[in-house]
Amino acid sequence: MPTVRADITLTVNGSLRRLTVDTRTSLLDLLREDLGLTGAKKGCDHGQCGACTVLLDGRRANACLALAVANDGADVVTVEGLADGERLSPVQEAFLEKDAYQCGYCTPGQLCSATGVLREAAHGWPSAATGDVAAEPELDDDEIRERMSGNLCRCGAYVNIVAAVREAAR
Amino acid sequence: MRPFAYERAATAEDALRRHAAGDGAVAYLGGGTNLVDLMRLGVAMPARLVDVARLPYDRIEHRADGGLVIGAAVRNSDLAADLGVRADHPLLSQALLSGASGQIRNQATVGGNLLQRTRCPYFQDISKACNKRDPGSGCPAIEGDHENLAILDHSPECVATHPSDMAVALAALDARVRVRQPDGEDVVPLERLYRSPGDDPSRDTTLAPGDLITGVEVPAPLRMPARYRKVRERASFAFALVSVAAALDVSGGSVRDCRIALGGVAPRPWRAHRAEDALRGRPATPGSFRAAAEAELAAADPLPGNAYKVPLAVNLVAAVLTDLAGEAS
Ligand SMILES: Cc1cc2nc3c(=O)[nH]c(=O)nc-3n(C[C@H](O)[C@H](O)[C@H](O)COP(=O)(O)OP(=O)(O)OC[C@H]3O[C@@H](n4cnc5c(N)ncnc54)[C@H](O)[C@@H]3O)c2cc1C
Ligand code: SF4
Ligand code: FES
Ligand code: FES
């Protein structure tokens, strides 16, 4: 079967993009290869590491498992779109202040994931660390560790990542 | 990855029609968190994807008796966070939250979660034989890496497990699955959605090709202490070695009612009917809990590398029931 192409429209970091994509293209490859947004990283390409995390219609998602064509019409925010011009987002500020990275490879995914975590917590979403799922959870360190567990860090910067997310949550 | 045509279904009928027109090499696409991965690995090679994630089955209906009708396109995270589900069916929230990661739960649908394929390492590696992926080629897991595979309900042809956490809670809750077929709608008890591998492990379920899951019905709330507990190789973001969904109703020191389902032990969420029958009417003591768990696992037929799952499952069931008995009294 020959390559199949499709026309899609995405809003990426606030700008409308019209694109023609091979149906096989993941959202991650589209961002990195076609749009030159290399912030989101390809750590595993199997959903296992979180390095490719972006905000898809406002929610954190693994761009490696999302087909671009299936997300026609979506709003995508990558690490390049977290800051407001020169002003870093609270999560970015907290990562800087708490020294929450070493090599930085996992950091774009950590930043997008943490941004999603704060939104989920603001909506009162529970996690596997929430004792009583019916209650409103408090974002303590156990909660942060559990909620961030989809983002691996080969450098083991976890202690400072937890501190940064805690700081950003205040 | 093989090139494929992509289509968005507008209605259930439209999805079935598009599936039928695809001449076999068609797959429904939910969130894609399992299917896209398997396509990338060369395990799944559809020539056409019919996207069903945007069908209007994206709502959770709360019935007057507290029962639920969960649309197949509801995302795992939305189901876990639903206030009514958390209050009335906490077992379901807990099981969902123990699965995958926050990112994947935001993407995964209820229909896709039920039909996700096994994580058997040979199934996912196209350079290896595997009866499930390539019927008749053999099952290297039996002589090889089967640490995480089944101890119940397997066959000499396949020892894979079903990996879903959500399905284990749904089995304990007596959930039923709504299936749209060419000639109408069927409602299948969750336990009958899955099939034992027997001599045809290529089919995980009793669904026919093209059958579309449209939703899941959950009966009225259990109104008894319930818990999902999952044992895995690391604290989070890993599949279950063994998990249990349990609920216990104690009255006057004896078990009035109970529900027990196990994950990680069989090619399906394993409802522990034998243990439940052994417990009803018995004293709610750690001794009876252990005896009931042992009665269930007496049927286990482990391989050398996964024999550890038998005592693990017994201990886990006994421990969770003991905790629940403490809450009930
Ligand atoms: C790294 C990683 C870790 C994970 N850990 C866990 C875990 O700990 N516990 C757990 O339970 N799961 C885990 N998962 C699996 C995850 O839960 C599933 O991938 C997800 O639930 C599948 O849902 P989906 O909508 O993305 O399905 P898809 O990938 O879109 O589809 C899966 C299958 O279902 C079929 N399908 C989808 N919708 C329908 C429908 N409505 N009717 C008929 N057929 C349909 C598709 O054709 C396909 O065969 C993990 C996944 C990854 C990648
Ligand atoms: S256990 Fe089943 S899925 Fe795994 S290799 Fe054997 S046949 Fe394949
Ligand atoms: S690259 Fe997507 S999760 Fe690893
Ligand atoms: S900082 Fe190096 S991988 Fe996380």
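Numbered from 1 within each chain, the chains take letters A, B, ... in sequence-line order.
- Options A:Ser26, A:Ser113, A:Cys64, A:Gly116 differ in how many heavy-atom pairs under 4.5 Å they form with chain B, and the most are formed by A:Cys64.
- Closest approach of A:Pro126 to B:Ala81, counting heavy atoms only: CD-CA, 4.1 Å.
- Residue A:Pro137 comes nearest to B:Arg86 through the heavy atom pair CD-NH2, 4.3 Å, listed as atom of the first residue, atom of the second, then distance.
- Taking OG1 of A:Thr3 as the start and CZ of B:Phe4 as the end, the distance is 11.0 Å to the nearest 0.5 Å.
- By number of non-hydrogen pairs under 4.5 angstrom with chain B, the leading residue of A:Gly47, A:Ala129, A:Gly50, A:Ala66 is A:Gly47.
- Counting heavy atoms from C-beta outward, A:Leu67 and B:Leu49 have side chains that approach closer than 4.5 Å.
- Using a 4.5 Å cut-off between heavy atoms, B:Leu96 makes no contact with chain A at all.
- Contacts between B:Asp51 and chain A at a heavy-atom distance below 4.5 Å involve the side chain alone, from C-beta outward.
- When the candidates B:Asp37, B:Asn34, B:Leu41, B:Val85 are compared by the number of heavy-atom contacts under 4.5 Å with chain A, B:Asp37 comes out ahead.
- The contact between A:Ala135 and chain B is made entirely by backbone atoms, counting heavy-atom distances below 4.5 Å.
- Of the listed residues A:Arg60, A:Arg147, A:Arg145, A:Gln48, the one with more heavy-atom pairs under 4.5 angstrom with chain B than any other is A:Arg60.
- Atom-to-atom distance recorded for A:Met148:CE and B:Gln103:CD is 8.0 Å, nearest 0.5 angstrom.
- Atoms NE2 and OG1, from A:His46 and B:Thr33 in turn, are 13.5 Å apart once rounded to the nearest 0.5 Å.
- The residue among A:Asp132, A:Val69, A:Val117, A:Thr130 with the most heavy atom pairs within less than 4.5 Å of chain B is A:Val69.
- Put simply, of B:Arg54, B:Met1, B:Met39, the one with the most heavy-atom pairs under 4.5 Å next to chain A is B:Met1.
- Here B:Arg105 contributes atom CZ and A:Glu120 contributes atom CD; the two are 7.5 Å apart, rounded to the nearest 0.5 Å.
- Heavy-atom pairs under 4.5 Å with chain B peak, among A:Arg5, A:His123, A:Glu146, at A:Glu146.
- Ranked by heavy-atom pairs under 4.5 Å with chain A, the first of B:Ala80, B:Ala235, B:Gly102 is B:Gly102.
- Shown here for A:Ala134 and B:Ala87, the closest heavy-atom pair between the two residues is CB-CA, 4.1 Å.
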Exercise for review: Report the C-alpha separation of A:Arg59 and B:Ser77 in whole Å, then their side-chain angles, then the decisive distance to 0.1 Å, and conclude whether the side-chain hydrogen bond (donor to acceptor under 3.5 Å, both in side chains) test is met.
Suggested key: CA-CA 10 Å; A:Arg59 297 151 55 118; B:Ser77 53; 3.1 Å; yes
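- Looking at B:Arg2, the atoms closer than 4.5 Å to chain A (heavy atoms on both sides) all sit in the backbone: N, CA, C or O.
- If you measure heavy-atom distances from B:Leu35 to chain A, you find no contacts under 4.5 Å at all.
- Other residues, nucleotides and ligands place no more than 12 heavy atoms under 6.0 Å from the CZ atom of A:Arg18.
- Contact of B:Leu83 with chain A is not made at all, since no heavy-atom distance falls under 4.5 Å.
- Both the backbone and the side chain of A:Asp45 come within contact range of chain B, with heavy atoms under 4.5 Å apart.
- B:Leu97 and A:Val133 make their closest contact through CD1-CG1, 4.0 Å (heavy atoms, listed as atom of the first residue, atom of the second, distance).
- Nearest heavy atoms, A:Leu65 versus B:Arg40: CD2-NH1, 4.3 Å.
- Expressed to the nearest 0.5 Å, how far OG1 of A:Thr23 lies from CZ of B:Arg48 amounts to 12.5 Å.
- Residues B:Ser236 and A:Ser149 approach most closely at OG-OG, 2.7 Å, considering heavy atoms.
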